[in-house]
Amino acid sequence: MTDTNYPRLLAPLDLGFTELKNRVLMGSMHTGLEDGNKHERLAAYFAERARGGVGLIVTGGYAPNRVGGVKPFAGKLTTQKEVSRHRLITRAVHAEDGKIAMQILHAGRYAYHPLSVAPSRIRSPITPFTPRALSTSGVEKQIAAFVRCARLARDAGYDGVEIMGSEGYFINEFLVTHTNQRTDEWGGDFSQRMRLPVEIVERTREAVGTDFIIIYRLSMIDLIPDGNRWAETVMLAKAIESAGATIINTGIGWHEARVPTIATSVPRGAFAWVTKKMKQEVTIPLITSNRINLPATAEQILSEGCADMVSLARPMLADPDFVKKAQESRADEINVCIACNQACLDHTFANKMSTCLVNPRACNETELNYIATKSPLRFAVVGSGPAGMSAALVLSERGHEVDLFEAAAELGGQLNMAKVIPGKEEFHEMLRYFRRQIELKSVAIHLNKRVAANDLISATYDGVVIATGVVPRDPDIEGQEHPKVLSYIDVLRERVPVGKRVAIIGAGGIGFDVAEFLLQDGESPTLHLDQWLAEWGVVDPSEERGGIAANRMQPRVPAREITLLQRKIGKLGAGLGKTTGWIHRAILQMNDVRMIGGVNYERIGDEGLLVSYGEKRKDPHWIDVDNIILCAGQLPLRDLQEPLASAGIPVYVVGGADVATELDAKRAIDQGSRLAARL
Ligand code: NAP
Ligand code: SF4
């Protein structure tokens with residue numbers, strides 16, 4: 001049965017020689033499984049998504065040659081031997097009635113190795129390696145490598161290829177003078193600079209025949225100061241269509257752009273308007289992308305005529321059954337990608353295997369499975385934060401009987417504080433998912449119940465999972481009992497009024513969150529696209545090159561004067577996410593937050609907070625503020641552990657109750673789920 005709520009999303013797309021089941025593309029995501037010999041794991045990962053009904057899958061990027069790899073030993077497709085390994089993937093997807101295209105990614109100057117090549121010898125700000133400028137014949141060799149790679153992909157059974165022409169990688173680098181200062185036939189005016197992608201598509205089409213999908217990923221808005229003008233982008237798109245592409249996919253922003261494009265604080269569907277501008281220019285199908293994480297958002301984008309298809313990359317990590325659930329009127333059961341990047345992109349940039357914060361099975365399909373138990377047991381789970389809820393869900397899914405105890409009046413633990421931070425609204429979806437699943441899995445919920453060890457002992461459970469979370473660390477500052485002093489819980493949960501001038505003690509994730517919460521009066525810019533675009537200086541690329549105008553940035557008016565402090569010397573927020581930390585720092589900078597490291601907290605008094613600097617306690621002075629907010633980290637809360645263990649009850653400690661310093665939802669969900677998978 002097809003859900004009529006999403007008629008456009010679920011409609012097939014006729015490509016002439018083949019048909020896609022629906023309008024959902026699983027966008028390319030590098031997971032780390034592409035590198036080395038992990039084809040079986042990849043096959044299981046993609047097969048699960050094909051089973052979930054997605055219209056077309058695009059793999060992570062494969063290099064067409066060694067110099068084009070994103071890093072040393074990056075996955076590539078250059079030989080027949082590699083073809084046979086790729087067949088594992090294509091067969092697994094076809095067995096599930098799915099379709100899959102392979103992305104050809106040449107990293108150009110973004111390559112993280114010394115062999116990198118580019119149109120010109122210009123280093124990128126995000127890699128330490130200066131690329132070698134290609135000779136004229138060197139450019140020809142790269143084109144030949146793309147064509148060979150596409151032909152091999154066809155041999156391997158792929159239904160098509162995606163030629164990666166956006167995000168500031170090799171092909172994109174030829175298009176703009178920022179990176180292409182050549183004087184031969186591959187440089188010069190735009191018609192010369194765009195020759196490279198057009199030749200690649202044309203020669204690829206000749207090599208693969210007419211019945212093979214060629215997606216061209218085109219940078220529709222570069223978000224770099226000297227990026228393409230809209231007229232140039234249109235000229236390229238028309239040429240790519242004539243060269244034989246089947247579909248054009250949307251790329252948003254170069255990796256070096258200083259505008260967030262996929263983070264959780266980016267409004268949903270924030271860039272669909274860019275693809276819509278292109279709709280009137282070409283006749284082949286267009287795919288739009290970025291921050292589309294719900295079927296309703298996707299349907300709206302399609303109904304507004306922005307594109308013919310939507311690309312969902314991270315949402316497919318979060319829930320392989322996204323499409324199936326939309327089809328079966330079960331959209332409220334979708335495990336929604338919260339765009340945190342914590343377990344996917346942050347892992348990629350740290351050279352670790354990707355997975356997903358909300359779905360630890362992602363990329364672990366061959367080893368983490370929730371298999372029905374043969375001997376059902378009775379478990380109590382104490383605490384309903386992410387660790388407790390995921391443990392309860394998996395235990396119940398496997399057939400165990402579960403009582404979930406929560407001292408508060410609602411499920412969610414610290415997630416209920418995260419969801420109030422401007423730009424973190426997606427945490428509402430995470431809570432919605434957990435609550436719905438707990439309902440469906442018949443976990444017995446006991447709210448407002450601060451359960452005591454004796455209650456648990458007398459109930460004779462077969463095991464108790466302690467997920468009682470954390471308590472704030474006491475920073476032990478002289479005068480901290482002053483009425484000016486509040487904890488982050490007072491601010492975020494209890495909504496105690498806060499004055500106009502604030503000092504925040506502690507600049508970890510929570511210190512930053514509290515600062516962002518206190519900067520904002522009224523609704524978050526994430527909920528207002530125009531406001532958000534203006535804040536970051538994003539404009540129509542018809543008006544400014546690259547669609548970015550630093551002189552037109554319109555920061556919000558900060559609701560408070562904030563000073564954020566830490567004792568460590570060095571950059572504040574250094575421990576925040578690799579791909580998102582800069583965004584939090586930028587927001588604070590835009591809003592004139594003073595960020596000070598290397599302080600000693602001397603005393604709190606009527607005058608405010610007395611600080612000094614360094615071991616010699618130099619320059620003591622008062623920071624005159626109305627309130628001082630303590631965000632000094634956490635300690636584990638696990639006082640049930642000892643009495644239960646003494647009574648001989650098997651006890652398992654998860655989440656912040658286990659390791660408070662790494663209190664985060666990624667670790668909590670992973671630990672809770674893995675524990676429950678083996679009990
Ligand atoms: P945290 O990241 O450990 O930061 C604690 C802060 O308190 C540090 O800045 C630390 O800096 C300071 N501190 C530690 N001991 C102190 C003491 N005795 N007196 C005064 N200051 C002290 O902890 P958190 O901010 O509570 O965050 C907890 C976890 O939540 C983190 O693991 C984080 O991953 C996660 N989280 C992340 C985000 C995000 O990424 N946006 C948001 C929220 C939560 P000094 O020691 O230098 O003073
Ligand atoms: Fe989405 Fe976060 Fe999962 Fe990545 S880790 S797929 S951003 S929820």
Side-chain angles (χ1 to χ4, degrees), residues 27 29 31 262-266 291 293 312-320 322 335-348 354-363 385-386 414-415 417-419 421 423-424 426-427 429-430 433 469-477 480 487-489 492 504-517 564-581 583-585 587 595-601 609 611 628-635 655-656 659-670:
M29 275 277 306
T31 62
I262 58 168
T264 189
S265 55
V266 176
R291 288 288 284 119
N293 62 347
L312 279 65
R314 297 170 300 168
M316 286 290 157
L317 281 188
D319 197 332
F322 184 99
N335 198 0
V336 173
C337 165
I338 59 166
C340 64
N341 286 357
Q342 276 179 255
C344 52
L345 281 170
D346 284 352
H347 278 210
T348 302
S354 289
T355 177
C356 172
L357 179 141
V358 300
N359 172 24
R361 285 196 66 249
C363 302
Q414 302 246 339
L415 296 178
M417 282 190 273
K419 74 183 183 195
I421 310 299
K424 289 199 167 178
E426 294 291 3
F427 276 90
E429 290 299 333
M430 191 168 161
Y433 169 77
V470 293
V471 282
R473 180 188 282 125
D474 176 0
D476 196 19
I477 301 168
Q480 70 180 26
S487 80
Y488 67 87
I489 299 173
L492 300 179
I504 298 175
I505 288 183
I510 291 179
F512 269 76
D513 274 0
V514 168
E516 287 182 46
F517 177 80
L564 181 63
L565 301 141
Q566 72 177 19
R567 297 170 306 172
K568 280 185 289 294
I569 295 169
K571 187 167 75 174
L572 273 73
L576 299 178
K578 247 182 149 45
T579 59
T580 51
I583 302 169
H584 297 294
R585 278 190 296 276
I587 290 174
M595 291 186 249
I596 308 177
V599 299
N600 307 303
Y601 305 115
L609 172 66
V611 295
I628 294 146
I629 323 276
L630 304 180
C631 304
Q634 347 267 333
L635 298 173
V659 184
T661 49
E662 282 181 34
L663 165 77
D664 72 43
K666 177 179 81 171
R667 184 176 174 282
I669 294 175
D670 185 77

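Reckoned from all heavy atoms, side chains included, excluding hydrogens, waters and symmetry mates. Both ligands and their constituent atoms are indexed starting at 1 by order of listing. Positions are given from 1, in the same order as the sequence printed here.
Contact annotation: the side chain of V358 never approaches that of E429 to less than 4.5 Å [non-hydrogen atoms, C-beta and beyond]. At a threshold of 4.5 Å between non-hydrogen side-chain atoms, the residues I628 and I477 do not count as touching. Put simply, the side chain of R314 reaches to within 4.5 Å of the side chain of I262, judged on heavy atoms. For the pair D474 and Q480, the minimum side-chain heavy-atom distance is below 4.5 Å. Side-chain contact check for L572 versus F512: some heavy-atom pair is nearer than 4.5 Å. Under the 4.5 Å side-chain criterion, counting only non-hydrogen atoms from C-beta, R585 is in contact with K571. A heavy-atom distance below 4.5 Å is not found between the side chains of K666 and D346. When side chains are defined from C-beta on, Q634 counts as touching Y488, because their heavy atoms get closer than 4.5 Å.
Closest heavy-atom approach to atom 10 (C) of ligand 1 among the candidates Q566, R667, K568: K568. In this structure, of I569, V659, D513, I477, the residue bringing a heavy atom nearest to atom 42 (C) of ligand 1 is D513.
Under 4.0 Å from ligand 1, not a single heavy atom of A418 appears. Only side-chain heavy atoms of K424 come within less than 4.0 Å of ligand 1; its backbone N, CA, C and O stay farther off. Only side-chain heavy atoms of Q634 come within less than 4.0 Å of ligand 1; its backbone N, CA, C and O stay farther off. Heavy atoms of F512 found under 4.0 angstrom from ligand 1: none, in either backbone or side chain. Heavy atoms from both the backbone and the side chain of I510 come within less than 4.0 Å of ligand 1.
Using a non-hydrogen distance threshold of 4.0 Å, Q342 does not register as a contact of ligand 1. Not close to ligand 1: Y488, with no non-hydrogen atom less than 4.0 angstrom away. Residue contact annotation: G575 has no non-hydrogen atom under 4.0 Å from ligand 1.
Residue G577 has no nitrogen or oxygen atom sitting less than 3.5 Å from a nitrogen or oxygen atom of ligand 1, judged on distance alone. Between D474 and ligand 1, no N or O atom pair is found at a separation short of 3.5 Å. Not a single N or O atom of L576, backbone or side chain, sits closer than 3.5 Å to an N or O atom of ligand 1. Considering backbone and side-chain atoms alike, G509 places an N or O below 3.5 Å from some N or O of ligand 1.
The atoms of ligand 1 that sit less than 4.0 Å from any heavy atom of G633 are 5 (C), 7 (O), 23 (O), 26 (O). Atoms of ligand 1 found under 4.0 Å from any heavy atom of Y601 (numbered from 1 in listed order, with element): 20 (C). Those atoms of ligand 2 that come under 4.0 Å of a heavy atom in A339, given as number and element, are 1 (Fe), 7 (S). Numbered from 1 in the order shown, with element, the atoms of ligand 1 that lie under 4.0 Å from a heavy atom of G506 read 6 (C), 7 (O), 9 (O), 12 (C).
Interatomic distance, CG of N335 versus CG of L357, reported as 9.5 Å (0.5 Å rounding). Taken from CD in E426 to CG in N293, the straight-line distance is 4.5 Å, to the nearest 0.5 Å. To the nearest 0.5 Å, the span separating CZ on R291 from SG on C337 amounts to 7.0 Å.
Paired with I504 under the rule side-chain contact (heavy atoms from CB on, under 4.5 Å), one option of V514, L630, L609 passes, and it is V514.
Atom 3 (Fe) of ligand 2 has C356 SG as protein N, O or S atoms under 2.8 Å away.
Pairing each heavy atom of L565 with each of V599, the nearest pair is CD2-CG1, 3.9 Å. Minimum heavy-atom separation, I669 to P386: CG1-CB, 3.7 Å.
Using modelled atom types and a 3.5 Å distance limit, the side chains of N341 and T579 yield a donor-acceptor pair.
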